[in-house]
> 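Handing you this structure, nothing more for now.
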Amino acid sequence: MRALPAPTSTVVTELAELLSGPPEQVAPLLLGGLLSHGGVTVRLTEVEAYAGPADPGSHAYRGRTDRNAVMFGPAGHLYVYFTYGMHFCANVVCGPEGEPSGCLLRAGEVVAGIDLARERRPRSGDRDLARGPARLTRALDLTREHDGADLTRGPVRLELGEPVDRVSTGPRVGLRGAPERPWRFWVTDDPTVSVYRPAKALPSGRRAGP
DNA sequence: ATTGAGATTTACT
DNA sequence: GTAAATCTCAATG
């Protein structure tokens with residue numbers, strides 16, 4: 001890959017400024033945005049906000065660790081973590097520096113490099129190539145190597161797009177302990193939005209409640 | 001369409 | 001040890 005020309009300062013300033021707001025305000029701005037890496041570009045269709053040290057659903061809730069250190073840094077960088085023993089998930093760090101917030105990138109539509117994305121995910125139909133947080137990182141070839149990447153300088157690039165027409169919100173996916181906040185945001189009626197089941201009930205014998 | 005098991009790191013009780 | 005910001009495969013309605 002060739003070196004890209006330095007981004008113009010207006011673009012960089014604008015992006016950093018937009019991302020330094022609270023994550024639940026940044027999240028809808030990310031919808032329709034373009035994320036590029038490894039020859040593939042994805043148009044973001046679904047994100048989730050995780051807010052600062054006060055959010056029990058956030059990886060930053062219990063303080064800084066080796067894994068989540070990037071969330072404590074400046075906005076506009078990528079936080080990539082490894083989970084369930086096999087998957088990577090990516091967040092855009094947002095909020096003011098020192099306040100660990102981020103937006104989990106849950107799904108997108110591949111708009112460039114679709115052949116590469118198909119090679120990385122041979123069993124997926126095109127709609128499913130980046131439909132889900134771990135699928136999205138696989139399609140874009142993002143790993144812990146890219147943890148901390150500056151989104152204004154590549155190799156991982158983010159460009160905000162036109163605001164999308166309709167945005168829907170709902171509870172976040174996969175959390176069990178956290179109070180529900182309607183901090184999942186997606187492009188209304190977009191077919192590439194993930195449709196994952198909610199978090200499983202407790203282990204056999206017990207039930208989560210009525 | 002929906003269900004359940006399995007894969008196996010990181011962080012915490 | 002257990003649960004987690006998950007996904008794939010196989011079996012089933």
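Labels below follow one simple rule: chain letters A, B, ... track the order of the sequence lines, proteins then strands, and each chain is numbered from 1.
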> Distance check, P atoms only: dA5(B) and dA3(C), in whole angstrom units.
14 Å
> To which residues is Tyr61(A) joined in a hydrophobic cluster, defined by side-chain heavy-atom contacts under 4.5 Å among Ile, Leu, Val, Met, Phe, Trp and Tyr, whether direct or through other members?
none
> Measure from CD on Glu48(A) to P on dA4(C) and round the result to the nearest Å.
14 Å
> Go through the steps to decide whether Leu34(A) and Leu158(A) satisfy the test side chain to side chain contact (heavy atoms under 4.5 Å, CB included), and finish with yes or no.
CA-CA 6 Å; Leu34(A) 300 178; Leu158(A) 175 65; over 6 Å; no
> Under 4.0 Å between a side-chain N/O of Arg106(A) and OP1 or OP2 of dT6(C), yes or no?
yes
> Sorted by first residue and then second, give each salt bridge (Lys or Arg N to Asp or Glu O under 4.0 Å) pair with at least one member in residues 51-80 of chain A; sequence neighbours left out.
Asp55(A)-Arg172(A)
> Would you tabulate the pairs of protein nitrogen or oxygen atoms and nucleotide nitrogen or oxygen atoms of nucleotides 10-13 of chain C closer than 3.5 angstrom?
none

> Does any pair with a residue in residues 29-51 of chain A pass salt bridge (Lys or Arg N to Asp or Glu O under 4.0 Å), and if so which ones, sequence neighbours excluded?
Arg43(A)-Glu109(A), Arg43(A)-Asp190(A), Glu46(A)-Arg106(A), Glu46(A)-Arg184(A), Glu48(A)-Arg106(A)
> Not counting sequence neighbours, which residues clear side chain to side chain contact (heavy atoms under 4.5 Å, CB included) with Ser124(A)? List them please.
Arg121(A), Asp128(A), Leu129(A)
> Scan residues 88-105 of chain A against DNA chain B and write down, sorted by residue number, each residue with any heavy atom closer than 4.0 Å; if none is found, say none.
none
> Would you say whether Tyr50(A) stacks on dA5(C)? The test is a distance between ring centres of less than 5.5 Å and an angle between planes of less than 30°.
yes
> Find the distance Tyr81(A):OH to dA3(C):P and express it as a whole number of Å.
18 Å
> For DNA chain B, what are the stems built from at least three Watson-Crick or G-U pairs in a row, each pair having both distances below 3.5 Å?
B:1-7 with C:6-12, B:9-12 with C:1-4
> Hey, what are the protein-to-nucleotides 10-12 of chain B N/O distances that come in under 3.5 Å?
{"from": "dA11(B)", "atom 1": "OP1", "to": "Thr65(A)", "atom 2": "OG1", "distance (Å)": "3.0"}
{"from": "dA11(B)", "atom 1": "OP1", "to": "Arg67(A)", "atom 2": "N", "distance (Å)": "3.4"}

> I'd like a table of donor-acceptor pairs (distance under 3.5 Å, sequence neighbours excluded) in which one partner is a side-chain atom from residues 74-87 of chain A, with atom names and distances.
{"from": "His77(A)", "atom 1": "ND1", "to": "Gly148(A)", "atom 2": "O", "distance (Å)": "3.0"}
{"from": "Tyr79(A)", "atom 1": "OH", "to": "His59(A)", "atom 2": "ND1", "distance (Å)": "2.9"}

> Does Leu29(A) have any side chain to side chain contact (heavy atoms under 4.5 Å, CB included) partners at least two apart in sequence or in another chain, and if so, which?
Leu18(A)
> Can you name the side chain to side chain contact (heavy atoms under 4.5 Å, CB included) partners of Arg123(A), sequence neighbours left out?
none
> Which ILVMFWY residues are connected to Trp186(A), directly or by a chain of links, through side-chain heavy atoms under 4.5 Å apart?
Val193(A)
> Write down the distance separating the C1' atoms in dA5(C) and dT3(B), rounded off to the nearest Å.
22 Å
